[in-house]
Amino acid sequence: MLELSKNEQDYLKTIYNLEKITSTTTKSVSINAIAKKLSVSSPSATEMVKRLVAKNLVLHKPYYGVSLTDLGISQARFIIKSHRVWETFLFEEVGYSMDEVHHEAEDLEHASSPRLIEALYALMDYPVADPHGSEIPAELFWSENEIELSLDQAMVNKNYRITKIDTEAKTFFKKMELTLPQFLKVIERLEDKSLIVREKAGKMLLIPFYIQPKLWVSERK
Ligand SMILES: [Zn+2]
C-alpha cells in the first residue's frame, strides 16, 4: 500500500463509486461529477486528479474523463474494505448502533494500516458484508508468511482460502453451475484423489483431481 493522504484516498473512493454507477461502457467519470460528489470546486478537483495521475492511480483523457488504474482500483478497494471492516467491528464487537458506525468509520478508515484491517477481518472470521449489507472486499491487502499451495497438496481437516484459479478450473465451476467458494475446508480425499470440501456456508462440493493443480489456496490459521 502506498502512503496516501486522507484527501487522496477520498478521491479514489469517490471515483471508484462513481465508476460503478456510470451507465456507459467506458467506465470514466467527469471532473464535474467528482467535484460535485466531494463538494469541491472543479479547479481543485482538476488539481487533485493531476496529482493522482502523477502517482499512476488514475488516467485522465480530455473529453473522455477520469478512470482508475489497476493500482487506483486496489487502493480504493482497500479504503472501502477498511471502512466496512470498521463498521462491522464497531457494530458486532464494540456495541455501537447501526447509525453510529458510519461516522466513526469515516475517520478510522484512513488511520488504519492494511495489517490492522486484515487482522480485524480475520478476527471476525472473514465477514461477507458490513452491518448495512454492503459487501466487504474479500481480497487480502496484507498477509504474514502466507504460503500458497495448489489444492492437490491440501490436507484433510484444514481450512483454506482460495487465492488463485486458472481458466480450466473456472470453466469447470461454470460448467457445473457452481459458484467458486472463497473459503473451504477439506473433508476427505477419495480413492481416485478427488476431494470432498465444505464451503463456509456449509455446502459440500466434490472437486475432481484434474482440477486441483489449477486452484491455489493458502491455509487459514
Ligand atoms: Zn459507512
Side-chain angles (χ1 to χ4, degrees), residues 1-24 27-42 44-49 51-52 55 57-59 65-143 161-162 179 181-183 200-201 220:
M1 290 289 116
L2 307 169
E3 284 291 325
L4 297 174
S5 71
K6 175 180 185 302
N7 207 10
E8 289 170 326
Q9 291 178 333
D10 280 334
Y11 269 80
L12 293 178
K13 199 168 77 167
T14 300
I15 298 166
Y16 182 85
N17 288 330
L18 286 169
E19 277 187 354
K20 279 183 83 175
I21 55 169
T22 43
S23 49
T24 55
K27 279 266 177 193
S28 71
V29 297
S30 69
I31 295 270
N32 283 339
I34 300 167
K36 199 175 154 200
K37 191 89 194 167
L38 286 164
S39 312
V40 296
S41 68
S42 284
S44 60
T46 307
E47 264 315 298
M48 178 55 96
V49 165
R51 263 168 70 183
L52 297 174
K55 291 188 175 183
L57 293 160
V58 307
L59 296 170
V66 178
S67 57
L68 293 172
T69 62
D70 286 347
L71 182 63
I73 291 171
S74 140
Q75 297 286 322
R77 286 180 65 81
F78 170 68
I79 292 304
I80 289 164
K81 181 169 189 172
S82 177
H83 184 96
R84 295 180 181 166
V85 162
W86 274 119
E87 287 195 339
T88 312
F89 185 78
L90 293 169
F91 182 73
E92 301 279 341
E93 315 285 335
V94 190
Y96 274 55
S97 73
M98 276 273 262
D99 20 296
E100 288 171 321
V101 294
H102 180 79
H103 182 72
E104 199 86 75
E106 281 290 292
D107 286 330
L108 291 167
E109 66 179 31
H110 302 290
S112 313
S113 67
R115 179 178 179 171
L116 175 59
I117 293 308
E118 295 308 342
L120 289 174
Y121 181 58
L123 186 76
M124 296 187 289
D125 199 20
Y126 310 90
V128 176
D130 71 17
H132 308 288
S134 305
E135 195 185 326
I136 298 175
E139 68 264 35
L140 297 187
F141 294 91
W142 185 87
S143 63
R161 182 177 70 86
I162 293 184
T179 0
Q182 198 99 49
F183 302 103
K200 202 181 167 193
R220 286 177 56 194

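Just follow the structure's listing: the first ligand is 1, and inside any ligand the first atom is 1. All values derive from a computational prediction rather than experimental measurement.
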State whether a side-chain donor-acceptor pair under 3.5 Å links S113 with W142. no
Establish, yes or no, whether the cationic atom of K81 lies under 6.0 Å from the six-membered ring centre of Y121 and within 45° of the ring axis. yes
Between F89 and M124, is any pair of side-chain heavy atoms under 4.5 Å apart? yes
Kindly give the atom name of the N, O or S atom of E87 closest to the Zn ion (ligand 1). OE2
Can you tell me if, anywhere in H83, an N/O/S atom lies at a distance from the Zn ion (ligand 1) that is smaller than 2.8 Å? yes
Polar side chain donor-acceptor pair, H110 to D10, under 3.5 angstrom: yes
Taking N, O or S atoms only and a limit of 2.8 Å, check whether D130 reaches the Zn ion (ligand 1). no
Taking the N/O/S atoms of H102 one by one, which is nearest to the Zn ion (ligand 1)? ND1
